[in-house]
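Working notes, structure below.
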Amino acid sequence: MGTDQLDNRHWHNIVVLTGAGISAESGLGTFRGAGGLWEQQRVEDVATPEAFARDPDLVYRFYNARREQLCGGDIQPNTAHYALAELETLFTGNFALVTQNVDDLHERAGSRHLFHMHGELMKMRCAASGNVFEAPVYFDGNDHCRCCRRAGQLRPHVVWFGEMPIYMDEIYALLADCDLFVAIGTSGNVYPAAGFVQIARQAGATTLEINPEMTDGSSLFGFQWRGPASEQVPRLRDLLAASG
């Protein structure tokens, strides 16, 4: 199929997947400095259940720093975030936004039908009950949980390496019923999200990848738009709004 000329047809069920690329355009750092280190630790070593059990103070510091950056005035939604929120409002069919990102930039831009499959940075979870609460910028093992009233029970509401993503049943159901699937700013090599395009294709959906460069999964998409999300997503919004 062609790589650029997406037909202007009427779709009923749209699923959009966003990845790190859309947040990077807002200046949100990945905390992977030279050599992929943070405070001389591999990021993977501060984002696992084992790391939290071994050195919870280090893990708390890592996520406190990430929240501090996210809440800084320099980090704001970009044109792509706003275009997706506008598309959700303008599109007359069913629209679902699935994100691999743990930031709240989609919410700030106005997105509502949103599934954070890797959790949310601005929330915390009780390790005992599973209850989820809004998180302050800073919290650690000295903070008492609101439900069990115990210190040391709160952890970031983020899916760590080795843990299952959230909302997978809902996401798979949406993919099985969609007629347009769009992946924006994703690497195409992190599962299970990398397999979403295949599920959508099996459902007969049109598939579109928006990314500045080719990815490991590009060949699976029927259409590919190359360029920054902040340029290409408004183009998608205009196309879909016009098609109804």
Side-chain angles (χ1 to χ4, degrees), residues 1-8 11 14-34 36 43 66 69-91 95-118 120-121 178 180-191 193-197 200 205-243:
M1 298 180 67
T3 60
D4 186 68
Q5 294 302 315
L6 193 67
D7 294 336
N8 189 349
W11 286 280
I14 297 175
V15 177
V16 175
L17 170 69
T18 62
I22 194 170
S23 294
E25 291 187 42
S26 287
L28 196 57
T30 62
F31 284 83
R32 290 179 181 270
V43 172
R66 294 188 71 182
Q69 183 196 37
L70 179 60
C71 293
D74 293 337
I75 304 299
Q76 299 294 334
N78 61 54
T79 305
H81 292 105
Y82 285 113
L84 285 172
E86 292 164 4
L87 176 56
E88 180 180 345
T89 300
L90 294 171
F91 184 63
F95 179 89
L97 177 57
V98 179
T99 186
Q100 297 171 279
N101 302 330
V102 298
D103 60 66
D104 63 350
L105 296 180
H106 282 303
E107 287 92 339
R108 288 196 223 169
S111 291
R112 292 295 175 262
H113 195 201
L114 179 62
F115 297 87
H116 277 276
M117 61 180 292
H118 291 162
E120 300 177 63
L121 185 59
C178 77
L180 175 63
F181 172 70
V182 185
I184 303 169
T186 64
S187 64
N189 59 12
V190 177
Y191 283 85
F196 288 176
V197 60
T206 300
T207 55
L208 167 65
E209 179 186 58
I210 295 177
N211 216 307
E213 301 174 349
M214 293 280 290
T215 70
D216 291 344
S218 291
S219 63
L220 298 174
F221 288 83
F223 297 88
Q224 299 151 23
W225 289 1
R226 296 285 165 243
S230 55
E231 295 178 3
Q232 297 298 329
V233 178
R235 175 186 171 196
L236 176 68
R237 173 204 59 204
D238 294 343
L239 175 69
L240 295 180
S243 68

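- Note that the OG1 atom of T79 and the CG atom of L84 stand 11.0 Å from one another [nearest 0.5 Å].
- A parallel orientation is assigned to the rings of F221 and F181, their planes being inclined by less than 30° (bins at 30° and 60°).
- Contact annotation: the side chain of R108 never approaches that of H81 to less than 4.5 Å [non-hydrogen atoms, C-beta and beyond].
- From W225, atom CH2 reaches atom CG of L239 across 5.5 Å, with rounding to the nearest 0.5 Å.
- At a threshold of 4.5 Å between non-hydrogen side-chain atoms, the residues Q100 and L17 count as touching.
- Note that CG of L28 and CD1 of I22 are 12.0 Å apart. Values are rounded to the nearest 0.5 Å.
- Here the side chains of I75 and D103 are not in contact, with every heavy-atom distance at 4.5 Å or above.
- When all heavy atoms of G19 and N101 are compared, the pair lying nearest together is O-ND2, 2.9 Å.
- Under a 3.5 Å cut-off, the side chain of H113 and the backbone N or O of F95 do form a donor-acceptor pair.
- A 6.0 Å sphere centred on CG of N189 holds more than 12 heavy atoms belonging to other residues, nucleotides or ligands.
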Go through F196 and V98 one step at a time and tell me if the side chain to side chain contact (heavy atoms under 4.5 Å, CB included) criterion holds.
CA-CA 11 Å; F196 288 176; V98 179; 4.3 Å; yes

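- Counting heavy atoms from C-beta outward, T207 and L220 have side chains that stay 4.5 Å or more apart.
- In this structure, CD in E209 is found 6.0 Å from OG1 in T186, a value given to the nearest 0.5 Å.
- For the atom pair CG of D104 and CD of E120, the computed distance is 8.5 Å after rounding to the nearest 0.5 Å.
- In plain terms, the two heavy atoms of A229 and I184 that are nearest each other are CB-CG2, 3.8 Å.
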With side-chain hydrogen bond (donor to acceptor under 3.5 Å, both in side chains) as the test, would you mind laying out the steps for S23 and S26 before giving the verdict?
CA-CA 5 Å; S23 294; S26 287; over 6 Å; no

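- Side-chain contact of S230 with N78: a donor-acceptor pair under 3.5 Å is absent, judged by distance alone.
- Taking the ring pair (Phe, Tyr, Trp, His ring centres under 6.0 Å) definition, one finds that Y82 meets it with nothing, sequence neighbours left out.
- With contacts defined as side-chain heavy-atom distances shorter than 4.5 Å, the pair V233/V16 does not qualify.
- With values rounded to the nearest 0.5 angstrom, I210 atom CD1 is found 11.0 Å from T18 atom OG1.
- Contact record, A205 with C178: CB-O, 3.4 Å, taken as the closest heavy-atom pair.
- The two residues A194 and G188 come nearest to each other via the heavy atoms CB-O, 3.6 Å.
- Considering only heavy atoms from C-beta on, P77 comes within 4.5 Å of L105 through its side chain.
- Counting heavy atoms from C-beta outward, R226 and N211 have side chains that approach closer than 4.5 Å.
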Verdict with supporting geometry, E107 and H116, side chain to side chain contact (heavy atoms under 4.5 Å, CB included):
CA-CA 11 Å; E107 287 92 339; H116 277 276; 2.6 Å; yes

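- Panel note: side chain Q224, backbone S218; a donor-acceptor pair is recorded below 3.5 Å.
- Checked by atom type, the side-chain pair Q232/R235 shows a donor-acceptor distance below 3.5 Å.
- Under the 4.5 Å side-chain criterion, counting only non-hydrogen atoms from C-beta, L180 is in contact with L240.
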